[in-house]
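One structure is given here, and the rest of the page talks about it.
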Amino acid sequence: QVQLVESGGGLVQAGGSLRLSCAASGNTFSDLNMGWFRQAPGKEREFVAHVSRSGDNIIYASSVKGRFTASRDTANNRAYLQMNNLKPEDTAVYYCGVATSIFARTRPDQYGSWGRGTQVTVSS
């Protein structure tokens, strides 16, 4: 069973940057595709990025493409989400999860082992 812990969130002004980390325990993280999602108050969990187990294939939501960069360090069981040019609408709790099937892509119900999330707040 993989356990995930997100970190790196904070308060930043619009146009600023943050780098989120997802630390995994357990020895299967490197064998699994993973994803980043976010959830704003009163809204459903929303897809941000999908990262293949090798880190070579990455899919982004259209709302973050060109601003966010996802990556993973399989040797150290970590994944990262570099967020640049942040906008107030990026404000949310950000979560990482591992895919529960090889077909998992953009739906949150295709992922599991969620961490507690890290809060990102972007002020205008």
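Quantities reported herein were computed from a predicted structural model and do not represent experimental measurements. Computed over heavy atoms, backbone and side chain alike; hydrogens, waters and symmetry mates excluded.
Rounded to the nearest 0.5 angstrom, Asn77 CG and Ser30 OG are separated by 6.0 Å. Distance check: Arg72 CZ to Ser21 OG gives 13.5 Å after rounding to the nearest 0.5 Å. Atom CZ in Phe37 sits 7.0 Å away from atom OG1 in Thr106 (nearest 0.5 Å). How far CD of Gln82 is from OG of Ser71: 8.5 Å, rounded to the nearest 0.5 Å.
One hydrophobic cluster, built from ILVMFWY side chains closer than 4.5 Å, cannot hold both Phe47 and Met34; they sit in different ones. Hydrophobic clustering (side-chain heavy atoms under 4.5 Å, transitive across Ile, Leu, Val, Met, Phe, Trp, Tyr) keeps Leu32 apart from Tyr111. Taken together through direct or relayed side-chain contacts under 4.5 Å among Ile, Leu, Val, Met, Phe, Trp and Tyr, Val2 and Val51 form part of one hydrophobic cluster.
Under the 3.5 Å distance criterion, the side-chain polar atoms of Asp73 are matched with a main-chain donor or acceptor of Ala75. A donor-acceptor distance shorter than 3.5 angstrom exists from the side chain of Thr100 to the backbone of Gln110, with no hydrogens or angles considered.
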For side-chain contact (heavy atoms from CB on, under 4.5 Å), just list the numbers for Gln1 and Ser113, CA-CA rounded to whole Å, side-chain angles, deciding distance to a tenth of an Å, and then say yes or no.
-> CA-CA 8 Å; Gln1 184 76 14; Ser113 301; 3.6 Å; yes
How far apart are the C-alpha atoms of Leu20 and Tyr80, what are their side-chain angles, what is the distance that settles it, and do they pass the side-chain contact (heavy atoms from CB on, under 4.5 Å) test?
-> CA-CA 6 Å; Leu20 305 185; Tyr80 303 97; over 6 Å; no
Can you check side-chain contact (heavy atoms from CB on, under 4.5 Å) on Ile59 and Arg105, steps first, answer last?
-> CA-CA 8 Å; Ile59 302 169; Arg105 290 297 182 271; 3.5 Å; yes
Test side-chain contact (heavy atoms from CB on, under 4.5 Å) applied to Tyr95 and Cys22, step by step | CA-CA 8 Å; Tyr95 300 89; Cys22 173; over 6 Å; no
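Closest heavy-atom contact between Thr121 and Gln119: OG1-NE2, 3.3 Å. When all heavy atoms are compared, the tightest approach of Val122 to Thr91 is N-OG1, 2.9 Å. The two residues Ala40 and Ala92 have their closest heavy-atom pair at N-CB, 3.8 Å.
Residues in residues 29-57 take part in these salt bridge (Lys or Arg N to Asp or Glu O under 4.0 Å) pairs, two or more places apart or across chains: Arg38-Glu46, Arg38-Asp90.
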Using atom types as modelled, flag every donor-acceptor pair under 3.5 Å from a side chain in residues 4-15 to any protein atom, sequence neighbours excluded.
unit_1 : atom_1 : unit_2 : atom_2 : d
Glu6   : OE1    : Arg116 : N      : 3.2
Glu6   : OE1    : Gly117 : N      : 2.8
Glu6   : OE2    : Cys96  : N      : 2.9
Glu6   : OE2    : Gly115 : N      : 3.3

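Using a 4.5 Å heavy-atom cutoff, the side chains of Val48 and Tyr60 are not in contact. Counting heavy atoms from C-beta outward, Phe68 and Asn84 have side chains that stay 4.5 Å or more apart. His50 has its side chain within reach of Asn33: a pair of non-hydrogen atoms, C-beta onward, lies under 4.5 Å apart. Between Met83 and Tyr94 there is a side-chain heavy-atom pair separated by less than 4.5 Å.
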